[in-house]
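Working notes, structure below.
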2 protein chains.
Amino acid sequence: MPRAGLTPQVVVDLALAVVDEGGTSGWANLGLSAVAQRAGVAVPSLYKHVDGLPALRSAVAARCVDDLAAVMTAAVTGPAADPTLDPVAAAGKGPNATLTGAAAVRALAIAIRAYALAHPGRYRAVQGAETAALGPASSGPVDLVARAVRELGLPPDRWVDQVRTVRAAVHGFVELELGGGFGLPEDVEASFRYLVETVVTGLR
Amino acid sequence: MPRAGLTPQVVVDLALAVVDEGGTSGWANLGLSAVAQRAGVAVPSLYKHVDGLPALRSAVAARCVDDLAAVMTAAVTGPAADPTLDPVAAAGKGPNATLTGAAAVRALAIAIRAYALAHPGRYRAVQGAETAALGPASSGPVDLVARAVRELGLPPDRWVDQVRTVRAAVHGFVELELGGGFGLPEDVEASFRYLVETVVTGLR
DNA sequence: CTAGAAAGCTAATGCCATTAGCCACCGGTG
DNA sequence: CACCGGTGGCTAATGGCATTAGCTTTCTAG
């Protein structure tokens with residue numbers, strides 16, 4: 001029997017593939033048996049590389065958080081940061097243009113939704129991630145939004161409210177869209193642009 | 001062995017109790033074994049009243065949708081409709097006052113969040129519910145929001161966008177709050193009021 | 001070349017949903 | 001009052017899942 005050459009890294013990669021294949025429910029359905037099957041290995045063998053299902057799910061979620069953060073970063077700093085990342089997120093702006101203020105908020109909102117539509121399972125994984133006690137100046141998705149909102153030049157005593165509002169609006173829209181919550185045939189793209197403008201222009 | 005006196009009704013009631021006890025994860029953890037235990041019955045006995053776990057979950061979700069719709073209706077039409085319903089939802093307005101326009105949108109938003117905080121498991125169940133092909137003039141949560149938004153007197157060609165925006169903002173906020181997504185100590189109540197005002201005044 | 005760690009395996013356990021088939025209760029009818 | 005059938009409960013068995021224990025095989029370092 002040849003060895004499969006697994007490592008913790010590879011196992012998480014395979015799990016990500018399972019999540020991606022599962023579509024919207026890929027995250028919910030992520031289990032050891034699917035990963036083992038994809039690895040061509042018996043289920044207990046995975047325990048040589050991973051500390052059980054909860055630990056694997058945490059690792060996958062953490063990777064997805066980094067993944068989303070990278071896409072969001074690329075959306076505001078220009079694709080130059082890493083051209084292999086999702087090009088959709090960076091669409092509509094020149095290379096190396098670092099966006100600020102309202103433009104950055106719009107770009108981040110669009111990037112988040114694009115990521116969620118391209119990788120629904122991963123987006124759900126991001127939501128299931130532990131709020132991993134990051135420092136106040138981390139580069140996670142929340143901080144990227146916070147930085148962009150701060151650049152809007154609005155009253156600082158409302159920054160927290162503003163960040164929460166932007167996060168809630170974008171997340172809620174994406175969640176409803178992924179869950180099939182928009183039954184009517186009307187253009188969902190247009191509705192999203194409308195939501196973003198409503199929030200960006202409504203903040204004060 | 002005395003009989004337990006179960007009916008489909010009673011089984012769903014017990015399942016709701018399981019969901020409520022489970023807090024935020026009550027919906028995710030709803031299973032037949034927990035229901036059977038609570039009923040004082042062996043698991044297979046439940047199959048005499050319910051067509052398997054998916055069917056039970058559907059029935060529970062449907063009840064939660066009606067439940068939420070009732071609370072929302074009470075929030076805009078006054079508690080007179082059914083005084084036994086969650087009094088929090090109707091707080092801040094006189095009896096029998098039917099709200100319209102911006103006041104109705106605010107009241108609905110507050111009612112939805114209050115319901116979600118009081119019954120996190122049930123709120124999650126509502127989101128997991130099938131979009132049960134209702135008629136266009138049904139009295140579900142979505143239609144209640146749609147009616148209130150229409151009364152704002154804004155351009156009708158944007159009604160769909162407006163309804164989606166309101167739903168997304170409120171749902172996203174509640175989802176983040178339930179998921180522990182708001183790490184900072186700042187007042188969440190104030191942030192929610194801020195969000196509602198941002199949306200209500202930002203729509204056009 | 002060899003020894004030991006690392007990576008795979010099978011077997012066994014326990015929890016869950018589901019199906020099949022058995023028995024006891026309870027309400028109506030003779 | 002007896003009895004009889006349907007219905008609601010039960011136990012047993014199956015299959016999927018994660019997990020643990022213990023064995024074997026395969027690389028690789030010395």
Side-chain angles (χ1 to χ4, degrees), chain A residues 1-64 121 124-125 128-130, chain B residues 1-64 121 124-125 128-130:
Chain A
M1 267 146 211
R3 293 205 176 174
L6 295 182
T7 67
Q9 276 272 346
V10 173
V11 174
V12 172
D13 288 340
L14 293 168
L16 277 170
V18 171
V19 170
D20 286 337
E21 270 194 359
T24 303
S25 53
W27 170 246
N29 292 344
L30 174 61
L32 292 182
S33 52
V35 176
Q37 188 164 10
R38 177 172 282 266
V41 140
V43 177
S45 304
L46 295 176
Y47 284 78
K48 287 286 154 71
H49 310 284
V50 162
D51 193 20
L53 179 61
L56 175 60
R57 290 177 67 89
S58 291
V60 169
R63 278 270 281 272
C64 292
R124 288 266 156 94
E130 302 263 341
Chain B
M1 269 143 208
R3 296 209 174 170
L6 295 182
T7 66
Q9 276 273 343
V10 173
V11 174
V12 172
D13 289 339
L14 293 168
L16 278 170
V18 170
V19 170
D20 286 337
E21 270 192 1
T24 303
S25 53
W27 171 246
N29 293 342
L30 173 61
L32 291 181
S33 52
V35 176
Q37 188 164 11
R38 177 171 281 267
V41 141
V43 177
S45 303
L46 295 175
Y47 285 78
K48 287 285 156 70
H49 309 284
V50 162
D51 194 19
L53 180 61
L56 174 60
R57 291 178 67 89
S58 291
V60 169
R63 279 269 281 272
C64 292
R124 288 267 156 92
E130 303 264 341

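From a predicted model like this one, the values you see are computed outputs, not experimental measurements. Chain letters run A, B, ... following the sequence lines, proteins first and then strands; every chain starts at 1.
- Nearest to the side-chain atoms of A:Ala42 among the listed nucleotides D:dT11, C:dG8, C:dT10 stands C:dT10.
- Counting non-hydrogen atoms under 4.0 angstrom, A:Val43 reaches a base of the nucleic acid.
- In this entry the distance linking CG of B:Leu30 with P of C:dC15 reads 19 Å, nearest Å.
- Residue B:Trp27 comes nearest to B:Val60 through the heavy atom pair CZ3-CG1, 3.9 Å, listed as atom of the first residue, atom of the second, then distance.
- Residues B:Leu30 and B:Arg57 approach most closely at O-NH1, 3.0 Å, considering heavy atoms.
- Heavy atoms of A:Ser33 sit under 4.0 angstrom from primed sugar atoms or phosphate atoms, though from no base atom.
- Distance from the side chain of B:His49 is smallest to D:dG9 among D:dT19, D:dG9, C:dT19.
- Distance B:Arg57 CZ to C:dA17 P: 10 Å, rounded to the nearest Å.
- Atom CG in A:Leu6 sits about 9 Å away from atom C1' in C:dG8, given to the nearest Å.
- Out of D:dC10, D:dT19, C:dC9, the shortest distance to the side chain of A:Pro54 is found at D:dT19.
- Neither OP1 nor OP2 of D:dG8 sits under 4.0 Å from any side-chain N or O of B:Ser45.
- You'll find that the side chain of B:Leu32 is closest to C:dA17, out of C:dA7, C:dA17, D:dA18.
- At a threshold of 4.5 Å between non-hydrogen side-chain atoms, the residues B:Leu14 and B:Leu6 count as touching.
- What separates CG of A:Asn29 from P of D:dG16 is a distance of 16 Å, to the nearest Å.
- Between the CD atom of A:Gln37 and the P atom of D:dA18 there is a distance of 12 Å, given to the nearest Å.
- Comparing D:dA18, C:dG8, C:dT18 by their nearest atom to the side chain of A:Leu53 picks out D:dA18.
- The distance from atom CZ of A:Arg124 to atom OG of A:Ser25, rounded to the nearest 0.5 Å, is 9.0 Å.
- If you take OH of A:Tyr47 and P of D:dA18, they are 7 Å apart, rounded to a whole angstrom.
- Between the CG atom of A:Leu46 and the CG atom of A:Leu53 there is a distance of 10.0 Å, given to the nearest 0.5 Å.
- Closest contact between the side chain of B:Lys48 and the listed nucleotides C:dG8, C:dA11, D:dG8 involves D:dG8.
- Atom CD in A:Gln9 sits about 14 Å away from atom P in C:dA7, given to the nearest Å.
- Along DNA chain D, the nucleotide nearest B:Val41 and the nucleotide nearest A:Gly52 are compared for position; the residue whose nucleotide lies closer to the 5' end is B:Val41.
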